[in-house]
Each structure stands twice: as C-alpha cells, then as structure tokens.
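Nothing here was measured: the structure is a model prediction, and the numbers come from that model.
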Amino acid sequence: MSDTVPAHRYTPELAQQIELAWQDRWEAEGTFRTPNPTGPLSDGFERVADRPKAFLMDMFPYPSGAGLHVGHPLGYLGTDVTSRFLRMDGHNVLHPMGFDAFGLPAEQYAVQTGQHPRVTTEANIAAISAQLRRLGVDHDTRRTFATIDPGYYKWTQWIFTQIFGAWFDTVAGKARPIAELVAELDAGTREPDTNPFDRPWAELTEVERRQVVDLHRLAYLNQAPVNWCPGLGTVLSNEEVTADGRSERGNFPVFRRPLTQWMMRITAYSERLLTDLDRLDWSDSLKQMQRNWIGRSTGARVRFGDIEVFTTRPDTLFGATYLVLAPEHPLVEALTADAWPADADPRWTAGAATPAEAVAAYQLQASRRSELDRQAEGREKTGVWLGTTAVNPLTGADLPVFVADYVLTGYGTGAIMAVPGEDTRDFEFAEVFGLPVVRTVQPPEDFAGGAYTGTGPMINSSNDRLSLDGLDKAAAIATVTGWLVANGYGEATTTYKLRDWLFSRQRYWGEPFPIVYPVDGPDAGLPVAVPVQQLPVLLPDVDDYSPKTFADDDATSAPEPPLSRATEWTTVELDLGDGPRTYRRETNTMPNWAGSCWYYLRYLDPADDERFVDPELEAYWMGPRSEGDVGGVDLYVGGVEHAVLHLLYARFWHKVLFDLGHVSSEEPFRRLVNQGYISAYAYTDARGFHVPAADVVERDGGYFYEGAPVDREYGKMGKSLKNVVTPDEMTAAYGADTFRVYEMSTGPLEQSRPWETKAVVGSQRLLQRIWRVVVDEVTGEVRAADEAPSIDTLKALHRAVDGVRDGMTTLRFNIAIARITELTNHLTQTYGQSGPVPRQVCEWLTLLVGPLAPHLSEELWSRLGHTGSSAWASFPVADPAYLVDDTVQIAVQVNGKVRAQLDVPADADAAALEAVALADPRIAELLVGKTVRKVVAVPGRLVNVVAN
RNA sequence: GCCCUCGUAGCCCAACCGGCAGAGGCAGGCCCCUUAAAAGGGUCCCAGUGUGGGUUCGAACCCCACCGAGGGCACCA
C-alpha cells in the first residue's frame with residue numbers, strides 16, 4: 001500500500017507540487033528577466049554588467065493545432081540547460097522564445113475549422129506557451145512575440161522598404177541606398193546595369209528613369225517564368241519546390257509560368273553567402289547543403305554569333321556539334337528561320353510546316369508541362385531545330401541550333417554548346433536527333449562507349465590557330481579560355497544555381513506589402529513604398545480569406561490574391577509627400593519566411609516602436625567580438641530541414657541590413673546546431689492498420705495489441721502512426737524534471753534517438769536518489785551537516801564537476817548526467833539512506849543538477865537554507881588538485897598486447913616508466929631470448945615493449 | 001549518379017590529441033526490504049567496435065575499398 005512509501009520521498013506527486021510552486025515563484029519574481037544594457041528592459045543591468053553576454057535561442061515554433069509532442073522540446077531543453085548553466089557560470093544570458101505564426105498551415109487549419117486564422121493561431125500559441133511553461137524553461141517572457149503581431153510586422157514591412165530602397169553595387173560588392181544610385185546616374189559617373197530603353201539616362205523621361213531605377217532594386221517586380229502551384233493557388237520560391245517538381249507543402253504539381261511577381265535579389269549575395277560559410281561555426285553537413293544550393297561553378301561564356309552559352313568545359317569546344325537554347329530563351333523568336341531547308345532531317349522538324357510552327361508548338365508544350373512531367377518521361381530528350389545554324393568560333397563549322405527543355409532558363413545564359421562526346425545529356429540528345437559525336441578527350445582502352453566524362457589527354461582539338469591536343473583538362477581550359485578572350489569570343493566566368501527569391505504569395509495569412517501604386521497620372525502603376533510613419537499596413541479583415549485554388553493540373557489558371565477581394569482596403573487615398581492621391585495597394589502577401597528572417601533581432605528590443613532594434617542593443621548582443629568575427633547569435637538550435645530555406649533567407653536579409661548600416665554583425669547565427677529527431681516505434685495489425693502504440697505489449701520477443709500479434713516499425717512521431725507521446729503525459733506521470741533529464745540523457749543534442757517511455761523511470765530513480773542524499777525521506781529533515789567530506793568523496797565530487805562542465809559546454813548532456821549519476825551512486829553507497837552528509841556535498845550536488853532539473857534544484861537549495869534562486873548561484877568549479885591521483889595504474893604491453901598492470905607515481909616520466917616496466921618479473925620473463933627493439937612509454941598511460 | 005553524416009553489448013549511448021573498449025541508463029538474472037505485489041536499495045550478466053585491406057610500437061579513432069542506415073542535391077551544361 002501507499003503508506004509503506006516514506007512520507008518525504010521524491011514521488012511524481014511531490015515533483016508536481018514542487019514544480020508548479022517554483023514556476024509560479026519564477027514568474028512572480030521575474031527570475032529569468034534578462035536585463036539589457038540600455039532602454040526599457042535595462043532594470044537590474046548593474047547586477048550583470050561585468051558578465052560576458054550569451055545569446056541562445058531556438059528556431060521558434062510554428063503553433064499548429066496539434067500542440068507539441070515529446071520530439072519538439074529536445075532542442076528547447078538543450079538551449080535551456082545551456083542557458084541555465086551559462087547563467088550559473090557567470091554570463092548575462094538571453095534565452096527568448098517567440099512564435100512563427102503567419103503562413104499556409106495556419107490558414108489551412110483555419111479554413112478547415114471555419115474560424116479566422118488569428119483566432120485559431122492565438123489559441124494555439126496560448127496552448128504551446130502553457131506547455132513550455134510547464135517544462136520549466138527559463139525564457140524571458142517579456143520578450144515573447146508572434147510574427148502576426150502588428151507591432152512586429154510593422155518592422156518586417158519596414159525592412160522590406162529598406163530592401164526595396166536599396167540596390168547592389170557590384171563594384172563595392174555591397175548594397176547601397178537607391179538614392180545614391182540615382183545621384184551617380186544623374187552625375188554621369190555611373191551607367192545603369194540594365195536599361196530597357198534605347199537612350200542614355202540623361203535623355204530618359206522621369207517615368208522612364210523610375211522604371212530603370214526600379215529594375216536595380218533588391219526587391220523588384222519581375223515578369224518571368226515562376227513556380228505556379230494551382231493546387232495551393234499561389235506561386236512558390238525555388239526552395240519550396242521539391243526535386244520532383246511538387247510543392248513542399250501539400251505535394252501539388254508545380255508549373256513554370258510567366259507571371260509578374262515580387263523578387264528579392266538574393267543572387268547578388270551568392271558569393272558572400274558562400275564564402276562567409278567558412279566563418280561560421282556550423283556543422284559541415286549543413287554548410288555543404290548551403291554550398292550545394294548556391295551551386296557555384298566556374299567556366300566560360302562563349303559567343304557563337306549572337307548566341308552566348310555558358311560551359312564549365314570550354315576545353316571541349318572542338319567537340320561542340322550543335323547548340324541548344326532553353327524554350328524560354330529571349331533569342332528564340334529572332335533566330336527562328338522562315339522556312340526549313342529542302343533537305344531538313346524529319347527528326348528535327350517535328351513534322352511542322354515551318355520552323356516557327358515547330359518552335360511555337362514546342363514552347364507551348366514546354367510551358368504546359370509541370371516540372372514533374374518533365375522528369376516522369378524518363379528524361380527522353382525532346383526538342384526542335386530552329387532551322388538555323390551558328391558558327392563554332394574554333395572550327396568554323398556550322399552548328400545547328402535547337403530549342404530543347406533539357407536546357408534550363410535562368411541558369412548560366414539559358415543556352416549551351418552541346419558536346420555529345422563528353423556530356424551524357426548531350427549524347428542522349430544527339431542519339432535521338434542523329435547528330436555527330438566528336439571525341440576531344442581520349443577515353444581509356446576499355447571504355448564502353450557513350451559520353452566520356454572522365455579525364456584524359458585532349459585529342460581532335462587542333463587547327464591552324466590553336467592546339468589543345470595532349471593537354472590535360474586544366475591546361476586545356478586555361479589555354480582555350482585565353483584564346484577566346486584574346487579573340488573576343490568569350491571570357492572566364494562564374495555562375496550560381498541560386499536564383500532570385502520569389503517573394504510574393506497569393507494568400508491571405510501573411511504580411512501585406514508596404515507598397516502602393518498610383519492609380520492616375522504619368523507614374524500610374526509604378527510601385528511606391530509606404531513611409532515608416534504610415535506603417536504597419538494592417539492586414540484587413542475579409543469575409544473570405546480562403547485562397548482561390550484550382551484543379552491541381554490546371555496549368556493555365558492564374559493566381560488571384562484574396563486581398564484583391566477586399567475592395568474597401570485595396571484603394572486608398574494617401575499623402576506621400578506630394579499631396580493626397582489615390583493609390584491601389586499591393587494585394588500579394590509575403591511568404592511566411594519573411595517573419596523568421598529577423599526575429600532574433602526583435603528579441604533584443606521587443607517593444608520598440610521607433611526602430612526595429614536599438615543599435616546599441618544589437619551591438620551588445622550580436623556584435624563582433626574581435627576583428628574579423630561575424631558576430632551573431634551565440635547558439636542557435638533547430639531542425640536541419642531549414643538548411644536552405646529559413647537559414648539562407650535570414651542570412652541574406654542580415655547582410656542587406658549590415659550593408660545599409662543597420663546592424664554591426666555580418667551574420668545572424670554565429671554557432672548553429674541541428675538537434676536530432678525523436679522517432680518512435682509504431683505498430684501495424686494484420687490488416688496493415690496502425691494500432692495505438694501506447695497499448696502494445698511486448699511478450700516472448702513479440703508484440704501484441706489486444707492479444708493479437710502486431711508488426712513493429714520505426715518512424716517519425718505523428719498522428720498517422722498513432723505513436724504520439726506528449727510532454728503533458730510525461731509531466732503528469734513523472735514531472736517536468738524527470739522528463740527533462742530523460743530527454744537530455746538519451747544522447748548528444750545532435751543525435752537522433754528513439755523514444756522509449758518505459759525507460760523514463762531511470763531518470764526518475766536518479767532524481768529520487770539525489771533527493772535522498774539531501775533529504776531524509778522518512779523524517780523530511782535535511783541531512784546536510786557541518787563536517788568535512790573524505791578525500792575519496794572530494795575526488796568524486798570534483799571529478800563530477802569537471803565532467804558535468806565538459807558535458808554542458810559540448811551539448812553532450814548525456815555525459816553530464818552520467819557523471820552526476822556516478823557521483824550520486826558514490827554518495828548513496830558512502831552515506832546510506834539517512835544520517836548526516838557533508839554540507840558541501842549536498843550543495844554541490846544540488847547545483848550540478850540545477851540546469852537539468854531546475855525545480856528539484858531550487859527546492860533542495862531552499863531547504864538547504866538559501867533564500868535566493870539556485871538559478872543564480874555559482875556553478876561549482878573543480879579544483880585540479882582533486883582530479884589527479886598520486887599513483888596511476890598503467891598497462892605494460894609487449895608487442896601491443898597487455899601483459900601487466902603496474903602502479904606508478906602519477907608524475908613518473910617516460911624513462912622511469914620504462915625502467916619499472918622492464919624490471920617487472922612478468923615482462924622480463926616474456927622478454928627472455930628476445931631483443932628489445934624499441935620501448936614506447938607514454939606517461940600516465942602505458943608502456944609498450946617491442947621485441948623479437 | 002554526385003555529395004554529406006553515421007555503423008561500439010538485446011536497446012540507447014561513453015571512450016581526451018591514435019594509448020588497457022565501458023561511464024551512465026533501459027531490458028534481463030540474483031539478493032535485501034515486504035504477508036505479497038509495486039516502489040525502493042544492492043549486486044551480477046552481456047560486446048571487442050559493419051566487412052576486408054593499409055599506415056603505426058599501438059587503430060573504435062587516420063587512409064583505401066566494400067556493405068548497411070539516414071540525409072542533401074540531381075537534365076544546373
């Protein structure tokens with residue numbers, strides 16, 4: 001019966017009481033309020049003024065209706081433990097949390113439930129906030145906000161106007177205010193990078209100048225083929241489309257369709273985004289993903305008459321036997337011949353009467369095909385001939401020019417020189433169309449045929465002006481590139497796979513653009529930024545916030561933003577400095593990545609209505625720490641799935657803000673760690689349906705549900721697998737501290753791991769034993785006594801401190817917990833279950849476990865007679881004197897095999913070790929009749945005698 | 001196809017800069033406590049590091065190849 005349980009045992013019930021009480025007290029006392037050096041949140045800064053700062057954060061959650069399962073808090077607890085450790089170890093720690101709340105899922109959930117997205121989103125935020133509070137995390141809740149708060153998105157919109165108001169100076173390699181561009185154009189010290197008009201700047205009308213300037217902005221309107229997803233009713237960025245041509249969210253087909261959309265000129269930052277990766281403390285795999293996505297490749301541009309191609313293999317130019325343009329290439333129309341020649345190959349003409357007909361039909365077909373179709377057709381090469389040829393600048397040969405969809409618009413120049421001898425894709429095309437293959441790289445003897453993409457000496461690459469024969473690849477590239485430059489046929493160049501970021505969405509639940517267009521006048525339709533005094537542009541309430549969606553495969557449909565239906569809102573009279581005028585508002589909204597691009601900055605200064613962040617606060621929390629340091633958040637923890645979305649976009653915005661002088665840090669996230677995933681077993685019955693995993697029992701090596709055998713599988717925790725475990729269930733059964741310790745004990749933070757509810761009891765037992773060291777569970781008396789610990793106990797104590805610090809600083813909390821467990825086991829054995837325990841032992845144990853089990857730590861600290869919070873007590877420091885033994889046991893090996901164990905003084909040097917080892921009778925016996933060739937002695941470790 | 005990460009007891013995981021493979025937990029066995037069970041305490045058990053080579057006095061660790069798992073990219077010229 002329960003009356004046999006000691007009255008003062010640390011049971012789940014007691015843990016609950018303690019936890020709820022301390023959570024209330026933390027809130028009431030503002031224990032985790034982090035003071036800023038200046039401004040409205042600076043109360044109490046004196047207390048921490050001389051401490052180093054530490055800014056830790058998680059990727060903030062997207063509040064879905066399902067709430068958190070036990071997988072979500074893994075990262076949150078990792079930063080929480082680190083935050084608490086650093087605070088105890090003398091840092092001024094900032095550990096905030098917010099909510100990413102605009103975007104498709106919230107909108108879809110709202111449509112399903114028939115409620116306004118703000119209602120459902122705010123309810124979800126409240127639910128998740130309660131879950132987080134119950135876990136005992138030390139967030140400074142004064143700094144919490146959601147991206148949907150008008151006070152926040154006002155500044156998201158303002159940053160947009162900054163990007164809109166800037167251009168990228170390729171000479172300076174940085175963004176500058178657009179006014180400086182206009183000034184330089186007016187002064188004649190600079191020519192426009194792009195100018196669609198035939199006349200120079202000085203001769204343009206004011207409206208034409210506006211149009212030229214608009215083409216230079218970092219946020220610009222562009223008509224180009226974009227990813228149109230009829231199933232979602234919106235366009236998407238490249239990052240949101242999967243490799244098989246579907247929407248990442250919803251898995252709908254995506255079509256390439258020319259539309260006018262807002263773009264962000266992230267490509268201007270390709271090189272800096274790439275090279276600055278080297279200055280970040282991120283995992284190699286994550287950096288690699290960004291490098292792949294940016295996709296730099298070096299090569300040459302080569303001109304074949306009017307057609308300019310990009311190639312990474314200019315060395316194979318002698319083998320180029322035809323050219324290919326992308327279907328959307330701007331020169332296609334102009335280059336198309338009037339008629340086929342009499343002897344036109346029927347394979348090249350697609351049976352059309354004229355080249356124009358063939359090309360038009362092919363272009364139409366290409367535009368209607370989704371990205372998925374393009375790949376689904378087994379990559380069979382298709383295309384048509386333009387009826388024209390271009391001259392190979394090296395061989396003088398006439399090369400037929402094709403249009404084919406295996407060449408992509410927007411990469412390189414959208415045109416290629418085809419070298420079927422050395423390129424697999426070109427070879428496939430050449431086979432279908434009967435085009436000649438010229439080998440310019442010598443394949444090995446046993447080469448099977450087809451395109452040879454390996455290395456070898458150049459062949460068939462000579463004429464009277466140039467010879468590459470016999471050269472290796474690098475030398476051939478250098479030679480031919482030099483020749484092309486010298487003769488005006490091309491130049492060396494670098495291209496990137498990264499495309500500009502498509503920034504507008506035809507959805508309701510997002511930040512409105514701070515952009516209006518004059519309705520009348522000569523400048524009608526040209527975009528104008530809404531000035532900061534008139535921000536935020538509030539998202540209007542509308543009757544129907546659902547997007548206009550279409551049949552999944554309706555490629556010809558066109559987007560229709562829900563805001564365009566809010567007629568009261570779209571037309572507005574404003575005075576933007578030139579008197580009241582009528583404007584039409586931009587009705588697209590921003591993608592949900594916008595709000596997460598800068599939220600880390602807002603934590604620093606969450607209520608500021610005058611600026612997006614106080615520069616002094618940015619410099620304090622984010623600024624570079626030394627010459628060449630990029631600055632940024634000291635530890636950012638989140639899932640790897642954001643490798644090329646959020647993390648790339650946020651870096652881009654941050655660099656723009658840096659260039660414009662708004663922040664002092666060059667990068668947003670100095671150190672980034674991807675926490676592992678928690679997976680769980682799931683079970684299927686004989687029909688293949690998932691059964692509730694919680695009710696499956698293991699017996700005789702098999703698994704059973706309601707008596708019937710079931711099959712076990714392993715996967716992500718989720719509703720469909722019926723294997724969800726929530727933190728609420730765990731805190732109800734064991735308490736938050738046990739849950740925290742369990743999650744942290746299962747491996748290093750980066751490691752993915754299985755969830756095992758039945759193993760949680762191990763962490764419960766550990767906390768019970770720690771409690772028992774400090775509190776007599778029968779009497780409830782504190783056991784701390786004024787006596788000195790034995791030398792053994794001191795050594796165990798200091799060793800534990802050393803190990804726990806190591807685990808905490810390297811995010812290997814499992815090691816920290818193991819050291820605490822060892823210490824606890826030592827103390828349990830030494831001091832039993834009752835009677836006095838030296839006070840230092842009680843206090844250090846209490847503090848060591850503090851970051852991991854903060855409520856337990858507070859309770860014990862308080863019972864030990866302290867009035868302040870243990871969260872602000874100093875973390876114990878190990879004395880190195882207790883970490884070393886006077887004597888150490890070393891192994892003596894003969895030829896690498898351990899043959900003896902010897903106790904030697906800890907400070908014995910190599911010579912002494914060697915002498916002792918060779919003098920040992922067992923070793924001496926083994927060496928009889930042998931010659932000692934070498935003795936390796938490593939002080940403190942071992943001796944290895946090599947003999948034969 | 002290319003790139004990245006990772007393979008250590010039945011399971012999750014430790015092992016410093018290349019130096020005696022085992023810290024911790026789960027599961028399992030036994031003992032104590034208990035009328036009994038649970039809870040609690042104590043104690044024991046189990047691998048030679050995916051495979052095959054190489055470097056080294058010495059390899060879980062470094063190198064090569066292969067196998068397996070997970071992830072990223074992929075008609076990017």
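With salt bridges taken as basic N to acidic carboxylate O contacts below 4.0 Å, none links A:R313 and A:D426.
Rounded to a whole Å, the CE atom of A:M744 is 16 Å from the C1' atom of B:G24. The CG-P distance, from A:L408 to B:C73, rounds to 16 Å in whole Å. The distance between atom CG of A:D405 and atom C1' of B:A77, rounded to the nearest whole Å, is 14 Å. Rounded to a whole Å, the NZ atom of A:K287 is 12 Å from the P atom of B:U5. If you measure from atom CZ of A:R499 to atom C1' of B:A74, you get 13 Å, rounded to the nearest angstrom. Distance, A:E239 CD to B:A74 C1': 16 Å, rounded to whole Å. Distance, A:R772 CZ to B:C33 P: 17 Å, rounded to whole Å.
Counting any heavy atom pair closer than 4.0 Å across all strands shown, A:S297 reaches sugar-phosphate atoms only and no base atom. Contacts of A:S283 with the nucleic acid, taken as non-hydrogen atoms under 4.0 Å apart, are absent. Base contact: A:A818 has a heavy atom under 4.0 Å from a base atom. Residue contacts shown for A:T424 are absent, as no nucleic acid heavy atom lies under 4.0 Å away. At the heavy-atom level, A:R296 lies nowhere under 4.0 Å from the strands shown.
When both pairing distances are held under 3.5 Å, B:U55 makes no Watson-Crick or G-U pair with any nucleotide shown. Applying the Watson-Crick and G-U wobble criteria (two distances, each under 3.5 Å), B:A14 pairs with nothing in any strand. A 3.5 Å limit on both hydrogen-bonding distances identifies B:G72 as the Watson-Crick or G-U partner of B:C2. The pairing partner recorded for B:C66 is B:G50, the criterion being a Watson-Crick or G-U wobble arrangement whose two distances lie under 3.5 angstrom. Nucleotide B:C20 has no partner under the Watson-Crick or G-U criteria, as no pair reaches both atom distances under 3.5 Å.
Here the rule is side-chain contact (heavy atoms from CB on, under 4.5 Å) with A:L317, and of A:T481, A:T440, A:T311, A:L484 only A:L484 fits it.
Under 3.5 Å, the side chain of A:K497 and the base of B:C73 form no donor-acceptor pair of N or O atoms.
Dashed line: the shortest gap from a side-chain N or O of A:Q829 to OP1 or OP2 of B:G41 is not under 4.0 Å. Taking 4.0 angstrom as the limit, A:Q288 places none of its side-chain polar atoms (N or O) nearer than this to OP1 or OP2 of B:C73. For A:N814, no side-chain nitrogen or oxygen approaches OP1 or OP2 of B:G25 to under 4.0 Å. Remark: A:Y742 is not in phosphate contact with B:G25, judged by side-chain N or O atoms under 4.0 Å from OP1 or OP2. At the phosphate of B:C26, OP1 or OP2 sits under 4.0 Å from a side-chain N or O atom of A:R765. Using a 4.0 Å cut-off, no side-chain N or O of A:T746 falls inside it from OP1 or OP2 of B:G25. For A:Q768, no side-chain nitrogen or oxygen approaches OP1 or OP2 of B:A39 to under 4.0 Å. OP1 or OP2 of B:A15 lies within a sub-4.0 Å distance of a side-chain N or O belonging to A:R812. The side chain of A:K934 contributes an N or O atom lying less than 4.0 Å from OP1 or OP2 of B:C57.
For B:G25, the base is anti relative to its sugar; the glycosidic angle deviates from 0 by more than 90°.
Rounded to whole Å, the separation between the P atoms of B:C6 and B:C64 comes to 14 Å. For the P atom pair drawn from B:G70 and B:C13, the interatomic distance equals 15 Å after rounding to whole Å. Of the C1' atoms belonging to B:A9 and B:G72, the separation is 33 Å, rounded to the nearest Å.
Of the candidate nucleotides B:A77, B:G58, B:G72, B:G58 has the atom lying nearest to any side-chain atom of A:N944.
When each of A:Q751 and A:E777 is assigned the nucleotide of RNA chain B with its nearest heavy atom, A:Q751 is the one assigned upstream, toward the 5' end.
With sequence neighbours left out, the side chain to side chain contact (heavy atoms under 4.5 Å, CB included) criterion links A:Q833 to A:R772, A:E777. Annotation: side chain to side chain donor-acceptor pair (under 3.5 Å) contacts of A:T312 (sequence neighbours excluded): none.
Panel note: side chain A:R783, backbone A:G835; a donor-acceptor pair is recorded below 3.5 Å.
Judged by a 6.0 Å distance limit and a 45° cone about the ring axis, A:K381 is positioned over the six-membered ring of A:Y406.
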